[in-house]
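Dumping the structure here so I can ask a few things about it.
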Amino acid sequence: MEKALIQKAKDGDKKSIELLYKQFYGFAMSVALRYSNSRDEACEIVNDSFMKAFDRIKQYQTENSFKGWFRRIIVNTSIDYYRKNSRYASIMDIDKAESESYSPDIIDQLTFEDILGLIRSLPEILRIVFNLYEIEGYDHNEIGEKLGIPASTSRTYLARSKKKLREKVLEINHIRDEGAIR
């Protein structure tokens, strides 16, 4: 059914394009939310991604996964959005790491929304590098090329993003421990 819908969209059928939009909107939003600072930014990225996808749908090869093809468009659109708006970003503040231990089961207690919130709380460049490396599977050379930074900077940003995420988990652990004491 999906392939038939895509073929009709390739032929310019507006109803098929609308159905593809509805079918993949949730997927697109879930990818864009990982890269954006807000839901409004994610909506902008999603809409731009759909525009690009529908402009290029004739280039899509039906033997490949549409979801994979579309994911790449969303990720690239997110990176383009970052590049376009990065000149307005503030300088990152990297804090000293605290050497605290935390309960390993705290990770098991986090919901999907908690994890998404933790990732979205990262400074923009750290969030983008984290997503590209850990979730999308790009290597540091590819990330460097996409973002116009050296691969070594990508590695540094990944380490900083993981450090920040650990700190946030420690904060959650501390807050939950405080709540358990009372």
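Keep in mind the model is a prediction, meaning the values are calculated, not measured.
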Checklist line | For F24, ring pair (Phe, Tyr, Trp, His ring centres under 6.0 Å) partners two or more places apart | finding: F66

Next item on the list: For Q7, check side-chain hydrogen bond (donor to acceptor under 3.5 Å, both in side chains) against everything at least two apart and list the hits.
Entry: D11

Check: Is there a donor-acceptor pair closer than 3.5 Å between any side-chain N or O of R127 and the backbone N or O of I119?
Finding: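 Answer holds: no.
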
Checklist line | Pairs where residues 28-52 contributes a residue and the test salt bridge (Lys or Arg N to Asp or Glu O under 4.0 Å) is met, not counting sequence neighbours | finding: R34-E136, K52-D80

Note to self: Less than 4.5 Å apart, side chain to side chain, heavy atoms only: is that true for C43 and M29?
What the structure shows: yes

Notebook entry, point to check: CG/L126 to CZ/R160 distance, rounded to the nearest 0.5 angstrom?
Noted result: 7.5 Å

Next item on the list: Any chance you could measure R120, atom CZ, to I115, atom CD1, to the nearest 0.5 Å?
Entry: 14.5 Å

Margin query: Distance check, rounded to the nearest 0.5 Å: W69 atom CH2 versus I6 atom CD1?
Written below: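 Reported value, rounded in 0.5 Å steps: 8.5 Å.
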
Notebook entry, point to check: Is the side chain of T77 donor-acceptor paired with the backbone N or O of I73 at a distance under 3.5 Å, no angle test?
Noted result: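 Checking the backbone N and O of I73 against the side chain of T77, a donor-acceptor pair under 3.5 Å is found.
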
Check: If we only count heavy atoms from C-beta on, is the I143 to L147 side-chain gap below 4.5 Å?
Finding: yes

Item checked: Side chains of S36 and L33 in contact at under 4.5 Å (non-hydrogen atoms) ->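 S36 vs L33: side chains touch.
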
Check: Can you tell me how far CD1 of I149 sits from CD1 of I128, rounded to the nearest 0.5 angstrom?
Finding: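 Reported value, rounded in 0.5 Å steps: 9.5 Å.
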
Next item on the list: With the side chain counted from C-beta on, respond yes when E124 and Y35 share a heavy-atom pair under 4.5 Å apart, and no when they do not.
Entry: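 Heavy-atom side-chain distance check fails, nothing below 4.5 Å.
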
Next item on the list: With sequence neighbours left out, write down each residue that passes ring pair (Phe, Tyr, Trp, His ring centres under 6.0 Å) with Y21, or none if nothing qualifies.
Entry: Y25, F50

Margin query: Side-chain heavy atoms nearer than 4.5 Å, only ILVMFWY residues, links allowed to pass through others: does that put M51 and I45 together?
Written below: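 Hydrophobic grouping puts M51 apart from I45.
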
Check: Donor-acceptor pair, K10 side chain versus Y60 backbone, under 3.5 Å?
Finding: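 Indeed, once roles are kept as given, a pair shorter than 3.5 Å links the two residues.
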
Checklist line | Distance (rounded to the nearest 0.5 Å) between L132 CG and Y157 OH | finding: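 It is 13.5 Å, given to the nearest 0.5 Å.
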
Check: Of all residues at least two apart in sequence or in a different chain, which pass the salt bridge (Lys or Arg N to Asp or Glu O under 4.0 Å) check with K14?
Finding: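 For K14 there are no salt bridge (Lys or Arg N to Asp or Glu O under 4.0 Å) partners, ignoring immediate neighbours.
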
Notebook entry, point to check: Which atoms form the tightest heavy-atom contact between K168 and S121, and what is the distance?
Noted result: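 Looks like CE-OG, 3.4 Å.
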
Checklist line | With sequence neighbours excluded, residues passing side-chain hydrogen bond (donor to acceptor under 3.5 Å, both in side chains) with D55 | finding: none

Notebook entry, point to check: So do the side chains of V129 and S161 get within less than 4.5 Å of each other, counting heavy atoms only?
Noted result: no

Next item on the list: Applying salt bridge (Lys or Arg N to Asp or Glu O under 4.0 Å), name anything that partners D13, two or more places apart in sequence or on another chain.
Entry: none

Check: Can you name the salt bridge (Lys or Arg N to Asp or Glu O under 4.0 Å) partners of K67, sequence neighbours left out?
Finding: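 For K67 there are no salt bridge (Lys or Arg N to Asp or Glu O under 4.0 Å) partners, ignoring immediate neighbours.
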
Next item on the list: Could you pull out all residues at least two apart from E145 that satisfy side-chain hydrogen bond (donor to acceptor under 3.5 Å, both in side chains)?
Entry: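 If we apply the side-chain hydrogen bond (donor to acceptor under 3.5 Å, both in side chains) test to E145, skipping adjacent residues, there are no hits.
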
Next item on the list: Only pairs at least two apart or in different chains count here, so list each ring pair (Phe, Tyr, Trp, His ring centres under 6.0 Å) that has a residue in residues 134-155.
Entry: Y133-H140

Check: Given side chains that start at C-beta, do those of V31 and F70 come closer than 4.5 Å, heavy atoms only?
Finding: no

Next item on the list: To the nearest 0.5 angstrom, please state how far the CD1 atom of I17 sits from the CG atom of L5.
Entry: 9.5 Å

Note to self: Restricting to salt bridge (Lys or Arg N to Asp or Glu O under 4.0 Å), what partner residues turn up for K162, sequence neighbours left out?
What the structure shows: E134

Check: Does any non-hydrogen side-chain atom of V75 lie less than 4.5 Å from one of S78?
Finding: no

Item checked: Which residues share a side-chain hydrogen bond (donor to acceptor under 3.5 Å, both in side chains) with K15, sequence neighbours left out ->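 With neighbours one apart ignored, the set is empty.
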
Next item on the list: Might you point out which heavy atoms bring I74 and A32 nearest each other, and give the distance in Å?
Entry: CG2-N, 4.1 Å

